[in-house]
Structure formats: C-alpha cells, structure tokens
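Keep in mind that this is a model prediction, so the values were computed, not measured.
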Amino acid sequence: MLPSLTCPSPTATEPRSGGPRLLHENALRDDLNKRRQTPANYTPDAARRLLPPYRTAQPGARLRARAPPPARKWLERGSGGSRCALAPQGAGKPPMYGDYEAQRHWQEVTYNIPIKQWYFNTSDNNLQYWGLDYPPLTAYHSLLCAYVANLINPDWIALHTSRGYESQPHKLFMRATVFIADLLVYIPAVIMYCCYLKETSTKKKVSTALCVLLYPGLILIDHGHFQYNSVSLGFALWGVLFLSNNWDLLGSVAFCLAINYKQMELYHSLPFFCYLLGKCFKRGLTGKGLVLLIKIAVTVVAAFAMCWLPFCTEAEQILQVLRRLFPIDRGLFEDKVANVWCSLSVLIKIKNILSPQTQLKLSFAFTFLSLLPACIKLTLQPSLRGFKFALVSCALSFFLFSFQVHEKSVLLVSLPVCLIINEIPFMATWFLLVSTFSMLPLLLKDGLLLAYTGTTLAFLTVCTASFSIFEKTSAEDLQLKSFSLSIWGYIPWLKPFPKFVKNLFLISITLMGVLSLMSAMLNPPQRLPDLFPISVSVVSCLHFLFFLMYFNIVVLWDSRNSRNQKKTN
Amino acid sequence: MRSDTSERFSLAGGGYVMCPAIQASACVRRPPPFERSRRAHRFPSAHAQWRLSGPVRAGGRDMAVAAAGGGSGGWFPALAFGVSLLKCLLIPTYHSTDFEVHRNWLAITHNLPVSQWYYEATSEWTLDYPPFFAWFECALSHVAKYFDPEMLVIQNLYYASYATVLFQRLSVILTDTLFIYAVRECCRCVNGKRIGKDLLEKPMFVLAVLLLWNFGLLIVDHIHFQYNGFLFGLMLLSVARLFQERHLEGAALFAVLLHFKHIYIYVAPAYGVYLLRSYCFTGNKADGSLKWSSFSFLRITLLGLIVCLVSALSLGPFIVLGQLPQLISRLFPFKRGLCHAYWAPNFWALYNAVDKALAVIGLKYKFLDPEKMQKAAMTGGLVQEFQHTVLPSVTPFATLICTVVSILPSVFCLWFKPQGPRGFLQCLILCALSSFMFGWHVHEKAILLAILPLSLLSVQRAKYASLYLILTTTGHFSLFPLLFTAPELPIKILLMLLFTVYSFSSLRTLFRKNGPLLNWLEILYLTALVPLEIFCEIVFPLSPWKLKLPFIPLLLSSVYCALGITYAWLKLYVSVLTESATVRQKAE
C-alpha cells in the first residue's frame with residue numbers, strides 16, 4: 001500500500017496493446033531516425049503532428065539512444081520515473097505514451113462521446129489511438145473517474161486537445177483513482193479473506209494478509225506502471241470469498257463483475273464453472289442440484305445483462321464490443337512474455353512458420369489439454385481447497401499456452417497463489433517472486449528498478465519472518481505426501497527431498513538476482529540486443545512449467561484430503 | 001515437536017541470529033535496570049536456570065519465548081531491514097533545501113583546508129554545525145566522488161543530479177545503522193516482565209516499532225532530508241549506556257554527540273546533573289538525601305577528562321588556528337528571528353497568536369492607532385523578523401531566561417529525588433520539551449528530541465503512554481508543513497496514519513488493564529486534528545481566502561498543535577513533580 005505511492009511517475013514507454021505497430025515498426029523507425037538527425041526541428045509535438053496516428057504506434061523505448069556508459073546506466077534507469085515528471089518530452093514518450101495515457105484517453109472518450117459510439121471507430125473516437133478494448137465495466141469506471149476529473153480540471157478530459165496531457169496534479173489524481181479503487185475493492189477483499197481463513201491463529205491471519213498485500217507484482221504494475229488490475233482481481237477475490245462461505249449466487253455475481261471489468265479474468269472462469277457445476281452434481285442433478293444450477297445460471301445471465309444493458313439494443317453493438325475485446329489478429333504473443341510460445345521462439349520461429357489460424361488452434365489445443373485434468377478432478381470432487389489449487393493451475397495453463405498473452409497476465413496466476421500462501425508458504429513465496437521477476441524487462445523500462453528491488457526484498461523478508469518458509473520444505477508441507485509415497489518406490493534417490501527443494505530454491509533465487517543485476521547494470525552485446533529480456537522470460541518460463549507440474553500434481557493427488565473432508569462433513 | 005520448532009522459528013524469524021543461550025546470559029550479566037531491585041529479590045535463581053538450560057534443550061517453545069523476551073530476537077533484523085527498504089522507496093521523493101545545505105558542506109569540506117571551513121561563504125548555507133559533523137561530511141565526500149564528482153564543486157549551487165540524490169539519500173539510510181543499533185540496545189533495557197505473551201504485545205517489540213518506524217524521523221530524514229538518524233542513535237545509545245550503568249561510555253557518547261550537533265546542548269543539564277548526582281556520589285543517606293562524604297574524586301576526574309578530551313579533539317584545531325570566535329558566531333546565529341518561518345508549535349507561537357488577536361481586536365474597536373502599526377503588517381511568519389504590536393517584543397536573552405527557568409525544576413527534581421536512570425530520562429525529556437517551548441528560533445523538527453526518548457518511557461507505564469500519544473500525535477502533525485508538495489501529501493498522511501494507528505492500538509493492548517489511556521477531552525482534541533488537516537490541505541486551497549490570507553493554515557495548525565504540546569509539557573511536569581512527592585511519602 002505504501003510503496004505504491006512512492007513509486008515514480010507513470011510509465012509512458014510501453015503501449016499495452018500493440019495493435020498495428022508491428023506492421024509499421026520499420027517504417028516508423030526509419031522515419032524517426034531521419035528526424036533525429038535534424039534535431040533542431042524535432043520536437044515531440046512536431047512528431048505527433050507530422051505522423052498520422054496509425055503510424056505512431058511504435059514504442060519509443062527502442063529508439064532511445066543507448067549511449068550512456070554502463071556504469072551510469074543503472075542510475076539512469078532508476079531515475080527514469082522521477083525524470084519523466086521533470087522532462088515531459090522524454091525520448092520514449094511522444095507518439096503513443098503508455099497505459100497512463102490509455103486510461104486518461106478512455107476517460108476522455110467515455111465522457112465526451114455517446115455510449116453507442118464507445119467501441120466504434122468514428123471521427124471523434126480513433127480506435128487506433130488507445131481505443132477501448134476492455135469490457136463495459138472498465139468503461140463505466142473511466143466515466144466515473146472522468147466526472148471527478150471534470151470537476152477538478154476540465155482540461156484533463158477535453159476531447160482531442162487533451163491527448164498526451166501530463167502534469168503533476170493530474171498524475172496525483174490518476175494515482176489517487178487507482179489507490180481508491182484498491183482501497184474499495186481489493187484491500188477489503190484480502191482482509192476479509194484472511195479473516196475467514198479456517199483453523200488459523202490470529203497471528204497467521206495477520207501475516208497472511210500482510211504477505212498478500214505486499215505482493216510486489218501487483219503494487220508495481222498498478223501503482224508504478226499504471227493499471228487498474230486490483231479492481232478485477234479484487235472482484236475475483238470477492239467471488240472466491242463468497243464461494244468459500246457457501247454464498248454461491250453472490251460469488252457468481254462478483255465473478256461476473258470481474259469478467260466484465262477485464263476479459264482476462266476468463267483465465268479463472270473454468271475453475272469457478274467446474275466448482276459450481278460439481279457442487280450441483282453432488283447435490284443430485286435432478287433435485288436440489290438442478291435448482292441451484294438454474295439459480296446460478298439465471299444470476300449469471302442477469303449480471304451480464306446488467307453490465308451490457310446499454311449495448312444490448314442491437315446485435316451489431318455486442319458483436320463490435322466482442323471484436324474489440326478479443327482481437328485475433330494480434331499474433332501468438334507480444335514482446336517478451338514468459339510463456340511457452342515466446343520461449344520456444346528462441347529455437348523455432350513459430351510466428352513465421354505457422355499461419356495465424358494454425359497458431360490459434362495450436363495454442364487452444366495445448367491450453368485445453370493442460371487444464372483438462374484439474375478441471376475434471378474439480379468437477380468430480382468439488383472441494384474448496386481443490387478449487388483454489390485449480391484456480392492456480394488453470395490460470396497458469398492459460399498464461400503458458402494461450403493466445404496473445406501479456407507479461408502482466410501473470411498477475412492472474414499470482415492472485416490465486418496468494419490465496420494459498422498460508423497452506424504452502426514455501427512454494428507460494430517462490431512462485432510470487434518468480435512472477436515478479438518475469439515482469440522485470442517491463443519494470444526496467446518504466447524506471448522502477450529501485451521500487452522493484454525494495455518491494456521484492458520487503459516481500460521476501462516478510463514471508464521469511466512470518467512463515468519461516470525455509471522450515472516448510474518437507475514433502476508434507478508441500479502437500480506432496482501422497483504423491484511422494486506413491487513415487488518413492490520407483491525413484492529412491494529422491495528421499496532427501498526437503499534439502500533438495502531448498503537448494504533448488506536458493507539456486508533459483510541466486511539466478512534471478514544475478515539476472516536482475518545484469519539486466520539493470522550491463523549493456524547487452526551488440527549482436528543480441530534482447531539477450532537479457534529473452535533470458536529473463538526463458539528462465540521464468542522454465543520455472544512456470546515446473547510450477548504447473550507441481551500444482552497439477554497437488555490437485556490430482558489430493559484424494560486424501562477430500563476424503564477427510566467428506567468424513568467431517 | 002513440530003509445532004514447537006515452528007513457533008520458535010517464527011519468533012526468531014528468518015535471521016535466527018540470536019542464540020537463546022547468549023540471550024539468557026546477557027540477561028544474567030545485565031538485568032534490566034528498570035526494575036532491577038525487585039527482580040533481583042524475587043527471582044534470584046531464574047536467570048541461573050536459563051543459563052543452565054542451554055539451546056540444546058528440547059523444550060523449544062519456552063526457550064524461544066525466553067530468548068525473544070530476554071533480548072531482541074530474529075524479529076528485530078526483519079523490522080530494521082523492512083524500514084530500511086521503506087526508506088529506499090522514499091529516495092525519489094521531494095527534498096528540501098537542507099539537501100543543498102549538506103551538498104554544500106560536502107563540497108566545502110572536500111575542497112578546502114580545515115582553516116577555511118568556517119569562513120567559506122559562497123553559498124548562503126554556510127557550515128553551521130560543530131567540527132565533528134564537518135569531519136563526517138569530509139569522510140562522506142571521499143565516497144561521494146565515486147558517485148558524481150560534480151556535486152563536490154562549491155560553485156555548483158543547487159546541484160541535484162540523480163547520482164547526487166542517490167548518494168545523499170543512501171548515506172542517510174546507511175548511517176541510520178547506528179540508530180538501529182541504539183534502538184536494539186534500548187530494547188534490551190526494557191524489562192521483559194510480560195514474558196510468555198504474544199510477540200506483538202511485548203513492550204520490547206512495541207518500543208522497537210515506535211522508534212524504528214517513527215513517523216517524524218522518517219519524514220524529516222528521508223523525505224525532507226537531514227542526518228538526524230545517527231545523531232539520535234548516538235543519544236539513545238548514550239541513554240542506554242546510562243541504563244546499563246556504563247556511565248563513562250554514556251558520557252563520552254554524549255560529548256561526541258554535542259560536537260556533532262549542538263542543539264543537543266538543551267538536554268545537557270540532565271546529563272550533567274545525573275552524572276554528578278548518581279555517578280560521582282556513590283552513596284545516599286538512609287532517607288535518600290545526598291551523602292556528601294561519598295563524593296568520588298576519581299570519578300569526576302574521569303568524567304572531566306573524557307569531556308575535555310572529546311572537546312579538544314573537536315575544537316582543538318580551531319583553537320590553535322585562533323578561529324574559535326568565528327566558529328561560535330557560526331554555531332549560534334542570533335540574527336535569526338524569534339520564530340522560524342513556520343512557527344514551531346511552542347509557547348511563542350501562542351504568544352504571537354495572542355499578539356495578533358489583540359492587534360486585530362484593538363484595530364477593530366479603535367483601541368490602537370492604525371498608523372503606528374503599519375510596519376507590523378501581518379506577514380504570517382513569512383519574514384523571519386517578527387514585530388510584536390501589542391505585547392512586548394521578545395529578545396534572545398529573555399528566551400534564554402525563560403528556558404533556564406523552565407528547565408530548573410526538573411533539574412532540581414533530578415538532584416534532590418534521584419530515581420535512577422528513569423528519573424534521568426524524565427529530566428532529559430523535560431529539558432528537551434522546555435527548551436522547545438521557550439527556545440529562540442526553534443525548528444518544529446526539534447520536537448523529535450522529546451518524542452524519541454519518551455518512547456522509552458511510554459512502554460513502561462500507562463501515564464507515560466497517554467502522554468506519549470498526545471505528544472507524538474500533535475508533534476508529528478506539526479511536522480506536516482515540512483512537506484508541502486502535492487505528491488508527498490498522500491505519503492505523509494498515510495505514514496502518519498499508519499504510525500498513529502499502530503501506536504494507539506499497541507499501547508492500548510499493552511496497558512489493557514489500566515483502563516482508557518486518554519480522557520474524553522484529549523480524545524476530542526486529537527480527533528479535531530483530522531478536520532483541521534482536511535481544512536488546511538483540501539478546503540482552504542479551494543476557498544477564496546487562499547489569496548488574501550495565505551498563512552492561515554500554517555497559523556492554525558501551529559497554534560492548535562502548540563496547545564497540545566503545552567498541555568503535554570505541563571502534564572509531564574506535574575506528574576514528575578508530584579510523583580517524587582508520593583515516592584518520598586512512601587519512603588517515610
């Protein structure tokens with residue numbers, strides 16, 4: 001909560017949705033390079049005026065001259081944020097700005113344009129320039145913020161003229177909106193969740209809440225890079241909270257809100273679906289179960305209808321929104337994301353070999369196969385514990401194998417991992433550290449090196465101090481008792497398991513630390529400019545594959561616990 | 001067994017540095033002095049048992065609790081490391097002109113010979129701290145040149161490259177290590193009579209949080225920018241040494257501290273009298289009064305020697321160079337006004353406010369001649385010189401008299417009713433508060449001089465806890481105007497809330513049995529700070545008065561805080577003076 005406010009100014013170098021930029025990358029680079037040679041008349045404004053919007057979609061970060069000597073580089077990096085405030089014409093900013101500008105632009109659009117045109121390309125709404133591509137709730141939230149912004153300073157959201165607006169008060173306002181959203185949705189959800197944890201002491205509850213709230217990834221992305229992830233994640237968390245208290249209807253409403261805030265929440269949808277379905281099955285599909293199923297279905301449909309009400313007038317509206325939400329033409333992956341496809345592209349250039357349609361099918365098949373076991377298991381034996389673990393493994397499968405994944409999507413995996421931090425503190429801490437590390441290239445671009453170091457170390461300290469994670473590496477603590485019993489017959493050398501895992505953890509931490517240091521301090525060799533981002537994503541991807549295996553094993557070998565639960569029930 | 005070890009490790013934290021045996025034996029060597037006599041009588045063998053049962057014993061739980069109670073366990077490093085990380089996150093925030101002051105001193109001490117240090121005046125921020133601090137800056141400058149040599153050029157006024165900021169901020173964070181060590185020593189002085197309870201309810205833990213995470217110190221050092229951390233570290237360390245009966249060490253540390261920053265001279269009377277009374281006189285008569293025959297010449301010679309040595313080391317070179325008058329004129333500039341630009345919330349703030357009020361009333365009802373009052377236009381403290389219109393103007397000498405008079409009772413109390421180190425600490429706090437109340441050109445930051453030592457007492461007794469809550473809340477609130485930039489607004493408010501909520505809740509749980517800590521009036525006063533802050537920071541800037549009367553928020557908050565601090569000062573004085581009487585009655 002606190003570090004969030006001390007993070008430097010919002011990012012401006014990384015467009016979230018690359019849109020057409022791949023097509024025009026080279027053309028634009030040449031163009032800007034030419035301008036660079038005549039610096040006298042090159043100003044950001046001039047660049048913006050001269051370049052039509054569809055050609056300016058290049059993130060300027062790559063254009064940034066890599067002149068500073070390595071010794072100074074880390075200082076420069078750290079200063080990026082604070083400098084943005086001082087020098088608004090920073091090299092990386094003019095054409096497209098960043099997520100900060102995207103959010104501001106949405107406020108501008110939603111406030112000034114009638115609701116029917118929000119998702120359509122019109123003369124007032126240029127979809128190439130940060131067009132709305134999130135579901136209606138995000139748009140409503142922007143509208144709400146826009147009303148407040150209009151009260152304070154109408155210039156902030158003036159149509160057309162406010163593009164690229166940046167000032168100290170505006171930054172404060174935007175940061176405050178994230179913080180307030182955080183305070184209203186996410187933080188209460190975390191606190192409530194920890195209060196309702198069963199069979200734990202107060203001290204454990206407090207430390208769980210502290211660890212979850214201090215998770216660096218979310219803080220850095222929401223309050224450093226600038227996004228509103230905590231809202232959708234918070235709604236999803238409310239959903240889990242309600243489900244764990246057996247208020248299934250409320251839970252499904254909360255989760256519908258989450259999906260309608262960010263479509264990425266679909267990563268979590270299958271476990272929710274399977275859990276509720278399994279619960280209905282368990283009650284008998286002809287009697288009580290059917291009633292519950294119908295109730296839930298009606299609630300979900302009603303919740304969706306409420307959210308989409310203004311768009312329900314014509315089919316074309318709905319289709320256009322859906323097209324905006326799921327753009328298929330963006331390619332298999334973007335930038336350097338730590339999933340399988342990006343890591344494989346080091347060896348095989350899948351993007352070039354296969355057609356987009358085949359890529360889509362391939363990724364769909366892999367995703368489906370990898371989440372199938374956990375979902376089947378959950379449907380057959382719905383338990384709360386299994387539900388949480390299935391949330392993790394499904395989200396992780398989506399992240400690793402699905403189509404068009406952002407590096408920030410790893411937050412969707414981190415949230416359910418935060419939920420089980422009190423059950424498997426060691427693995428959860430490890431995963432959360434890796435997930436933050438996987439976003440390192442993005443964070444470095446945003447000048448968040450200092451904040452990244454500080455928050456990560458703080459998180460590690462808190463986890464170590466409150467859960468004493470290094471003492472919880474036995475097979476039992478990792479929820480692998482039944483699995484290890486069944487497997488030790490075949491692989492006897494795995495006996496000294498705790499020590500092995502601990503060493504693995506230490507090696508991984510060291511590797512991550514060294515890579516972080518190297519990407520922050522060294523210039524990559526001339527021939528391999530993307531060496532560090534690629535190695536970060538490959539290393540994280542290997543970790544994630546390991547975690548996927550682990551979580552699936554935990555889910556599938558969970559029979560003992562569910563049987564115990566049945567007995568107690 | 002498993003739960004035992006987990007308990008033990010969770011108490012000892014990740015670091016697991018403190019071996020129970022070491023802790024236990026430390027307790028044996030230096031029993032906590034607050035209640036030394038009572039413990040010695042009651043539990044003569046308890047310590048011995050601890051020593052016998054080493055770390056090998058399987059009863060992990062008891063041992064761990066004892067370890068955490070006997071000293072600071074593994075939670076302490078985690079706490080200190082955590083706050084250091086927070087400080088790192090504050091690096092990019094706003095920094096005041098004090099940043100430039102220290103950069104300038106770095107440049108001066110790096111480039112010029114010692115003889116020029118106190119004459120150099122390129123920048124308006126001349127060197128006005130005693131020699132040890134200058135040497136400290138000189139040492140820092142030898143590291144600074146590896147960060148950015150440009151900051152060491154005297155002519156580079158207001159130079160603040162990122163490397164400079166990083167270096168200066170990191171130097172504050174790293175020198176805070178001394179403060180952390182001192183806090184640790186202080187925590188050991190607090191007795192662990194609540195052994196066996198939850199860690200979060202241990203006085204030691206609470207004290208560590210109250211000191212390490214102190215809001216005032218955080219914003220003054222790590223946002224506003226100053227080096228108070230290690231200086232307060234020296235002070236707390238010397239206090240801890242006095243508690244541990246290592247008097248000579250304590251005296252030496254304080255002497256060194258005085259030559260780092262001379263503002264600590266305000267609390268020197270407490271040190272002088274305490275050392276003279278309780279160290280140089282080795283015994284008391286049966287009724288507790290002074291036994292003249294027990295005066296130890298050896299001890300006073302040792303003390304004198306230490307003080308003289310330290311002073312010679314610091315001032316010697318300048319005496320040899322014949323620069324002492326120049327040095328003193330730099331250290332004690334009486335050219336500045338009675339109050340700082342922003343009135344520190346002390347007696348003079350109330351005095352000024354009454355003067356203003358009288359002037360306004362007088363003008364309204366024609367008691368006063370408007371023509372005579374032309375010069376005394378309401379400048380709201382924006383100008384350093386403040387002309388009083390109705391009440392007599394205050395001279396530096398008058399403030400000196402007031403300060404001495406207000407300090408005297410506490411010093412007398414320390415001399416005639418010695419109560420050991422606790423009495424000394426009370427006197428120290430009273431000295432600091434009294435000088436804050438009546439001093440000449442007091443900075444609002446000086447309130448930390450009273451707040452930090454009072455933390456030590458606050459975890460001991462309920463009445464100090466209630467005093468502490470009033471004093472810290474108002475004192476910290478009065479620091480708000482130090483940070484006036486918009487981005488720091490949420491930081492200061494949230495940090496303040498965090499600290500205040502923690503101090504209220506922890507002290508309340510600590511003294512759960514003693515009933516409510518504050519009465520309704522005090523609660524009302526403290527809660528009124530919230531609307532005051534909302535008015536000053538949000539309502540006022542939007543209102544039309546902003547242009548006409550821009551000083552109103554500062555005036556309001558300083559006068560309002562002055563009320564609270566005066567109240568706390570009076571209450572502390574009354575409690576100290578009456579307590580000694582009751583103690584004597586008991587003795588009789």
Do A:Thr455 and B:Leu89 touch side chain to side chain, with heavy atoms closer than 4.5 Å? yes
Does A:Lys171 reach the side chain of B:Pro487, with side-chain heavy atoms less than 4.5 Å apart? no
In this structure, are over 12 heavy atoms from other groups packed under 6.0 Å from A:Lys499 atom NZ? no
Is the number of heavy atoms from other residues, nucleotides or ligands within 6.0 Å of OH (B:Tyr158) greater than 12? yes
Could you state the interatomic distance from CG (A:Leu450) to CZ (B:Arg169), rounded to the nearest 0.5 Å? 11.0 Å
To the nearest 0.5 Å, tell me how far A:Phe179 CZ sits from B:Leu494 CG. 4.5 Å
Part of A:Leu172 within contact of chain B (heavy atom distance under 4.5 Å): side chain
Name the atoms and distances for all side-chain donor-acceptor pairs under 3.5 Å in residues 204-212 of chain A, with sequence neighbours left out.
unit_1   : atom_1 : unit_2   : atom_2 : d
A:Lys205 : NZ     : A:Cys195 : O      : 3.3
A:Ser207 : OG     : A:Lys203 : O      : 2.9
A:Ser207 : OG     : A:Lys204 : O      : 3.0
A:Thr208 : OG1    : A:Lys204 : O      : 2.6

With B:Thr177 via side chain to side chain donor-acceptor pair (under 3.5 Å) - residues at least two apart: none
